[in-house]
Amino acid sequence: MVQGWERGTRDAGPGGDEGPARRPARRPAGRLRRGLLALLVAAAVAVPLAGAARPRIPAPPPAHVPPPAVAGLDATYAAHRANAAEAARTAAGHGHRDRAAAERALSTRQLLYFDGRGAGLVTEVLGDLAHAGRVAVLVPGSDTGIDTYGRFRATAVALHQRLTREAPTGVRTAVVAWLGYETPGTLSPSVATTGRAEDAAPELRSFVRDVRSVAAPRARISLLCHSYGSVVCARAAAGLDVDDLVFLGSPGTGADTAAALHTRARVWAARGAGDWVEHVPHLDAGLFGTTVGFGTDPVSRAYGARVFAAGDGGHSDYFAPGSPSLANLTRIVLGRLQEVTR
């Protein structure tokens, strides 16, 4: 069944039928939607995309450490830094200079997790997580791995800098960049299905529990989910102990409404005026045991999220310094909800 039509297409006349004056205009739109869904299905199940596989760069297995705890946080950081440094040496020894440089940079940071195998997984903390009363966890979208981690980290840095400036006296903040799942490629079939999100959801739930155990008691945790990352967060939502769930530049979440997420968190959504994701068809269909497409537009009235202003930015501009979206994200993370602009 196709769900999640675009805003305004479910208007009906008396008795639930469309008024006769509108019928001719809706037929082409219906054919267009069916055509778009057909293309989505074809991309998801029939396109092999030869050569799209990501390179498998040699790396040591991740460090084996206990789950993060306040008492052992420094030891956790040190173990994963050492692993990143070893991965850098391995990559350099096999001629992967760009990967080696990225991993050397990571080996100097506060890493809650690192795995240099394949595209790579990284969880980095900015700030003092053990004493933070306001914590933002960032979940990235497609094409994010160690090789492209710098652009993801830049969003975390921009948010952390603004939080540090605007936090009330005595309130500590932390931002966690969670690249904890194998993201789909933008031009791969998996980007049109929920498969990667379903695999990632248990890992995200487990990670949020770890953050709760490490951060200050009764810390306010906000989950900020960009693009395909919003599908991951939506799949995990029912088991997440977070205060705010934010969808940025979302193609849809796989849920018809915010209420269908079954979360106690406040659900927010935003899309910049220049974001190409606006043109993604908001459709979904079950096919061969998976879901193709992501359904209702999260910024539509039908979805029921709290929609906030994101300015004129494009798909990668939600954390741009000085932007309305970054200002509003800062307010959400700090709990200044009355100041969020719509």
Side-chain angles (χ1 to χ4, degrees), residues 62-63 68 73 76-77 79-81 83-84 87 99 101-116 118-130 132 134-164 172-184 196-197 200-201 203-212 214-215 219-233 236 240 242 244-249 315-321 325-326 329-330 332-333:
L73 201 53
T76 298
Y77 292 155
H80 291 300
R81 280 198 298 266
N83 188 259
R99 172 63 70 88
E103 290 171 335
R104 277 194 295 271
L106 285 166
S107 71
T108 66
R109 298 173 183 158
Q110 295 185 142
L111 302 182
L112 275 180
Y113 188 76
F114 176 84
D115 184 350
L121 303 176
V122 180
T123 300
E124 180 182 355
V125 176
L126 286 79
D128 183 1
L129 181 60
R134 305 288 186 272
V135 180
V137 177
L138 276 55
V139 180
S142 61
D143 282 327
T144 309
I146 289 176
D147 295 324
T148 57
Y149 179 76
R151 67 189 185 194
F152 177 45
R153 185 178 193 269
T155 66
V157 170
L159 178 61
H160 184 245
Q161 289 175 342
R162 183 142 187 174
L163 287 171
T164 301
R172 299 190 187 184
T173 65
V175 175
V176 184
W178 185 79
L179 174 54
Y181 77 109
E182 185 178 355
T183 67
R196 294 286 177 90
E203 300 298 328
L204 181 55
R205 292 190 194 106
S206 176
F207 177 70
V208 170
R209 286 194 294 270
D210 287 343
V211 170
R212 276 278 175 215
V214 172
R220 179 187 182 86
I221 298 178
S222 301
L223 195 60
L224 312 184
C225 318
H226 179 243
S227 196
Y228 189 88
S230 66
V231 188
V232 175
C233 293
L240 288 174
V242 297
D244 293 278
L245 182 58
V246 185
F247 300 132
L248 302 165
H315 193 61
S316 301
D317 298 331
Y318 291 94
F319 295 86
S325 57
L326 181 60
L329 290 170
T330 301
I332 290 169
V333 174

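Each residue takes its place number in the sequence, starting with 1. Not measured: the values here are computed from a predicted model. Note: hydrogens, waters and symmetry copies are ignored here, and every other heavy atom, side chains too, is used.
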The criterion is side chain to side chain donor-acceptor pair (under 3.5 Å); which residues satisfy it with T76, sequence neighbours excluded? none
Between A197 and V231, the two heavy atoms sitting closest are CB-CG1, 3.6 Å
Hits for side chain to side chain donor-acceptor pair (under 3.5 Å) against Y149, two or more places apart or cross-chain, chain-then-number order -> E124
Quick check: does any side chain N or O of E182 sit under 3.5 Å from a backbone N or O of R196, one acting as donor and the other as acceptor? no
Run the ring-ring contact (aromatic ring centres under 6.0 Å, His included) test against Y318 and tell me which residues pass, sequence neighbours left out. H226
Smallest separation among heavy atoms of A136 and V333, with atom names: CB-CG2, 3.9 Å
Partner of T183 by side chain to side chain contact (heavy atoms under 4.5 Å, CB included), out of L121, T144, V139, T148: T144
The side chain to side chain contact (heavy atoms under 4.5 Å, CB included) partner of L223 among V246, L204, V211 is L204
List the atom of S227, the atom of S230, and the distance in Å for their closest heavy-atom pair. O-OG, 2.6 Å
Please enumerate all residues that pass ring-ring contact (aromatic ring centres under 6.0 Å, His included) together with H160, with sequence neighbours excluded. none
F319 versus R162: any side-chain heavy-atom pair under 4.5 Å? no
Would you tabulate the side-chain donor-acceptor contacts of residues 172-181 under 3.5 Å, counting partners in other chains and residues two or more places apart, or write 'none'?
unit_1: R172; atom_1: NH1; unit_2: D128; atom_2: OD2; d: 2.9
unit_1: Y181; atom_1: OH; unit_2: P140; atom_2: O; d: 2.7

Does some side-chain heavy atom of L245 sit less than 4.5 Å from a side-chain heavy atom of C233? yes
T155 OG1 to L138 CG distance, which is reported to the nearest 0.5 Å: 5.0 Å
Quick one: are L106 and R153 in side-chain contact, heavy atoms under 4.5 Å? no
Of all the heavy-atom pairs spanning R99 and I146, show the shortest one and how long it is. CD-CG2, 3.4 Å
Minimum side-chain heavy-atom gap L240-R205 below 4.5 Å: yes
Taking all non-hydrogen atoms of both residues, which atom of P321 and which atom of L326 are closest, and how far apart? CA-CD2, 3.8 Å
With sequence neighbours excluded, residues passing ring-ring contact (aromatic ring centres under 6.0 Å, His included) with Y113: H80
Could you tell me whether the side chain of L224 reaches within less than 4.5 Å of the side chain of D244, counting heavy atoms only? no
With a 4.5 Å cut-off on side-chain heavy atoms, are L112 and V214 touching? no
Side chains of L248 and L329: does their closest heavy-atom pair fall under 4.5 Å? yes
Looking only at heavy atoms, what is the nearest atom pair of A132 and A219, with distance? O-CB, 3.5 Å
